[in-house]
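Comments concern the structure below.
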Amino acid sequence: MKSVLSGVQPTGDLHIGNYFGAIQNWVRLQDNYECRYCVVDYHSMTMPYNAVQLRENTWNMVFQLLACGVKPENLFIQSLVPEHTELGWILNCVTSYGELQRMTQFKDKSDQLKETDGDAFISVGLFDYPVLQAADILIYHADYVPVGKDQEQHLELSRNIAQRFNNQFGKEYFIHPEPLFTETPKILSPADPNRKMSKSLGEKHYINLFGEEERVRKQIKSAVTDTGDTPAGEMSAGVKNLFELMRACGNMEAHNSLMEDYKSGSLRYSDLKEHTANTLIGLITPFRERLADLKADKRAVKQQIQESSAIVRQRAQRTMQEVRELTGLASLK
Ligand code: TRP
């Protein structure tokens, strides 16, 4: 069976854009691949953060992923497998300064920091982040990495690093991981349907995946349908977004029947919104309930993930033994 690895930063609450864009796909891949998914807390140290908050967000992300259907045996916490950083160090030594300088995410993130504060502290960790990501992937010899297009450059770097390691140590040791770009629905902001749903845009711009029914209903109800910039005869971005949402939730029956109404000019936006809200609430209510169940027994869930992390760690340790051997590091034997 081919293997998959992916990671997500513990950023707080997931929104429906995260779910349809990535997590849903993670859940589905579990049927056909050996999957490992990690909450990458080491990566979250690369930007300014609060220690108490980080630990809380990490566990919170674990609970949310489980509630979405990620299997506990496939989920672990990156820092509970410290071998990732050990391999990261070794890979640093086969990565050139120049190739890291070309990473656009580093430029974006450091610009973002400088925007809020001209003297912002930019850590070496932020610069080195893609090498740790390569270690996350290579340490498990993962075949496929489901990611968004924004990670394409990091994946290419991972392959270059694998190649250089293999050349330098004279063996086809690391395989070349391939990104898995699955077609996923792009969900836009309900308040500004010309932009992707995102937390950084502010409260009205995202719908919490574990949101309370009333709030979700309100957000759909107040979704922008006429942006004023739609050419005559075309569907506006906001209306398209609601249809897309319905399709993403799998309610093709309502989708198609409302689309007929649209085509015949008889669609009432209030109907579209009501159906969309009902459909979305139907999908997310079980998630919210499962999350509550999981949180009712936090200790047991934490223990389960600590155990799965320990099992994953054994695999990583096996790789590290081989890597230490290949790279000329000292051994106790
Ligand atoms: N860099 C990824 C992101 O920002 C997260 C990530 C870390 C990751 N390690 C990974 C993704 C390994 C895939 C594989 O979204």
Side-chain angles (χ1 to χ4, degrees), residues 2-12 14-15 17-27 29-30 33-47 49 54 57-58 61-62 64-65 70 74-89 91-92 95 100 102-110 112-113 123 125-162 174-182 184 196-200 309 312 315-316 319:
K2 296 272 188 187
S3 66
V4 156
L5 179 124
S6 199
V8 61
Q9 290 206 43
T11 47
L14 289 170
H15 59 65
N18 302 134
Y19 177 73
F20 291 119
I23 309 304
Q24 184 182 45
N25 194 31
W26 284 19
V27 173
L29 288 168
Q30 295 179 122
Y33 299 92
E34 178 189 12
C35 292
R36 293 189 184 89
Y37 298 123
C38 58
V39 178
V40 293
D41 51 351
Y42 280 138
H43 278 97
S44 291
M45 303 172 79
T46 59
M47 294 283 268
Y49 77 99
L54 173 62
N57 284 349
T58 297
M61 185 58 77
V62 163
Q64 292 181 63
L65 293 171
V70 172
N74 294 342
L75 185 61
F76 69 101
I77 295 176
Q78 185 190 31
S79 69
L80 292 180
V81 187
E83 285 73 15
H84 287 225
T85 56
E86 187 185 357
L87 182 59
W89 175 256
L91 299 183
N92 274 332
T95 306
L100 282 187
R102 289 194 289 275
M103 294 293 120
T104 58
Q105 194 181 68
F106 172 70
K107 285 183 214 155
D108 293 346
K109 288 198 175 179
S110 48
Q112 194 186 319
L113 284 174
S123 74
L126 184 62
F127 186 64
D128 197 33
Y129 174 121
V131 180
L132 181 59
Q133 180 168 352
D136 297 339
I137 300 164
L138 298 180
I139 204 163
Y140 303 109
H141 304 275
D143 297 292
Y144 297 113
V145 185
V147 278
K149 281 277 177 194
D150 63 319
Q151 295 296 314
E152 195 166 13
Q153 205 187 19
H154 289 168
L155 255 290
E156 196 185 325
L157 178 75
S158 297
R159 286 194 298 278
N160 290 341
I161 290 175
F174 285 125
I175 56 175
H176 293 195
E178 292 295 332
L180 207 58
F181 301 124
T182 310
T184 54
K196 213 173 118 182
M197 180 172 286
S198 161
K199 269 171 86 177
S200 55
S309 302
V312 166
R315 180 71 192 85
T319 300

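Residues: numbered from 1 along the sequence shown. These values consider heavy atoms only, across backbone and side chains, with no hydrogens, waters or symmetry-generated copies. In each ligand, atom 1 is the first atom listed, and ligand 1 is the first ligand listed. From a predicted model like this one, the values you see are computed outputs, not experimental measurements.
Evaluation of the salt bridge (Lys or Arg N to Asp or Glu O under 4.0 Å) test over residues 34-45, restricted to residues two or more places apart or in two chains, returns Glu34-Arg36.
Ring planes of Tyr140 and Phe76: perpendicular class, angle over 60° (limits at 30 and 60°).
Contact residues for ligand 1 (protein heavy atom closer than 4.0 angstrom to any ligand atom): Leu5, Ser6, Gly7, Gln9, Val40, His43, Tyr129, Gln133, Asp136, Ile137, Val145, Val147, Gln151.
Interatomic distance, Gln105 CD to Gln153 CD, rounded to the nearest 0.5 Å: 9.0 Å.
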Please evaluate residues Trp26 and Val4 with respect to the criterion side chain to side chain contact (heavy atoms under 4.5 Å, CB included), reporting the C-alpha separation (whole Å), side-chain torsions for both, the decisive distance (0.1 Å), and the verdict. CA-CA 9 Å; Trp26 284 19; Val4 156; over 6 Å; no
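Residues that satisfy the side chain to side chain contact (heavy atoms under 4.5 Å, CB included) test with Leu100, not counting sequence neighbours, are Thr95, Met103, Phe127, Asp128, Pro130, Val131, Leu157. Among residues two or more places apart in sequence or in another chain, the side-chain hydrogen bond (donor to acceptor under 3.5 Å, both in side chains) test is passed with Glu152 by none.
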